[in-house]
Amino acid sequence: MSGPSNVHDDPLAGRQQLVDYIAAGEKPAAQWRIGTEHEKFGFRLDDLRPPTWDGERGIGALLRGLTRFGWEPIEEHGKLIALAREGASVTLEPAGQLELSGAQLENVHETCCEVTCHLQEVHTVADELGLGFLGMGFQPKWRRQDMPWMPKGRYRIMREYMPKVGALGLDMMTRTCTVQVNLDFSSEADMVKKFRVALALQPVATALFADSPFTEGQPNGFQSYRSHIWTDTDADRTGMLDFVFEDGFGYERYVDYLLDVPMYFSYRKGEYIDLSGKSFRKFLDGNLPEMPGAKASLRDWADHMTTAFPEVRLKKFLEMRGADGGPWNRLCALPAFWVGLLYDQTALDAAWDLVKDFTREQRHALRDGVPRDALGLKFRGGSVRDLAREALAISAQGLQRRARRNAHGADERIFLDILTQIVEANQTPAQRKLELFHGPWRGDIDRVFSEFAY
């Protein structure tokens with residue numbers, strides 16, 4: 001699920017072609033796959049600063065070093081910006097956060113093997129360069145102006161546009177990391193049900209994975225500051241998408257939403273053309289003054305779909321986008337959590353029963369309150385911790401029924417153990433780090449780099 005397929009540069013015939021593009025993602029359950037992506041912060045071991053792209057110890061050098069493991073280089077204007085191998089890719093976020101976009105795999109055991117292999121490869125090369133990597137939701141030490149920028153054309157356009165539409169968009173680009181999972185659907189009705197369950201429960205994932213309590217070396221008052229940042233990034237392309245819960249929601253309604261999301265760019269002949277704030281509807285009709293006579297292509301549409309950032313995103317699959325980045329065990333836990341909920345019909349039905357009577361106001365209260373209070377947020381006479389416990393139980397039952405076992409006979413429930421521990425201890429990863437910061441670390445944020453690096 002690492003990139004759009006069967007895209008081309010022919011002009012689009014009209015809106016129906018956009019609907020058909022999404023609908024083409026439908027797969028029978030036997031062909032459902034799991035695509036997991038995660039980002040992590042690089043840092044130099046000697047001074048903890050984020051590495052630039054260039055230089056002997058830069059991110060470019062790290063990518064070059066990874067090619068020894070069979071990764072194929074991908075360049076932009078002669079600069080190495082990504083790698084590809086067997087359906088997976090390694091890419092760069094705006095400030096050099098290193099992302100693995102995993103291959104489409106059959107079960108979470110394979111996902112965890114993929115993550116483990118990737119981290120071992122990165123560790124091998126990073127050690128030679130004097131670099132380390134940290135999994136958290138927000139850069140704990142460095143200021144926005146301390147963060148480097150990677151040589152990618154689309155990031156230059158976004159960098160100039162973000163301050164026009166929100167106060168924290170540049171922080172989103174340069175100082176956040178996430179883990180997400182991409183999952184399939186069999187039909188429009190299946191997509192709708194999964195989308196609704198995933199949106200309603202996304203704040204639960206945010207709470208369980210909350211791991212961004214520091215800004216520039218000090219507690220910031222949040223448990224998932226990364227999640228909070230999305231509330232002041234760009235209202236045109238973020239949020240809880242209330243229309244997903246309205247009668248009649250389907251592919252067409254999502255296409256109409258995307259058509260109203262302002263554009264960032266068009267990629268033509270190896271160049272990014274700045275179309276920030278422009279209308280894709282006009283582009284579809286060939287009426288953009290910036291590109292006289294040019295009409296949008298399917299490639300433009302596939303690119304445009306990646307520039308909307310709601311809590312759950314629909315492409316040819318559904319992306320779960322609510323979790324902070326983290327250590328190895330939570331990179332395996334996130335796909336397990338959502339696969340258990342969404343890939344077993346009985347579990348999906350139970351999850352829908354859990355959330356179907358949430359009001360719009362309650363869904364927004366969850367989304368808005370969880371970044372600060374996480375599991376402790378009060379909700380419907382209980383707390384998000386209670387909701388998380390119920391969701392985990394449903395997920396575990398779904399994974400048990402899937403019965404995908406490893407060589408030792410264990411099914412995918414083993415990857416939920418860390419989340420169960422978080423709920424039972426009633427302590428999020430953010431709260432654990434805050435406890436260390438105020439205790440043994442004595443306020444020294446540098447300790448996070450040594451104690452929580454991969």
Could you tell me whether the side chains of S227 and R367 share a donor-acceptor contact shorter than 3.5 Å?
->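 Yes, a side-chain donor-acceptor pair sits under 3.5 Å.
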Residue pair D373 / Q223, side-chain donor-acceptor N/O under 3.5 Å |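 Judged by distance alone, the side chains do not pair up.
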Would you call the rings of Y254 and F249 parallel, tilted or perpendicular if under 30° counts as parallel and over 60° as perpendicular?
->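 Taking F249 first and then Y254, their aromatic rings stand perpendicular (interplane angle over 60°).
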Report yes or no: is the cationic atom of [X] (NZ for Lys, CZ for Arg) closer than 6.0 Å to the six-membered ring centre of [Y], at no more than 45° off its axis?
X: R363; Y: F245; answer: yes
X: R85; Y: F69; answer: no
X: K433; Y: F452; answer: yes
X: R64; Y: W71; answer: no
X: R226; Y: F138; answer: no

Less than 4.0 Å between a side-chain N and a carboxylate O, is that true for [Y] and [X]?
X: K79; Y: E76; result: no
X: R33; Y: D184; result: no
X: D260; Y: R281; result: yes
X: R268; Y: D300; result: yes
X: R143; Y: D146; result: yes

Applying ring-ring contact (aromatic ring centres under 6.0 Å, His included), run through F280 and W301 and close with a yes or a no.
-> CA-CA 9 Å; F280 201 95; W301 178 243; 5.3 Å; yes
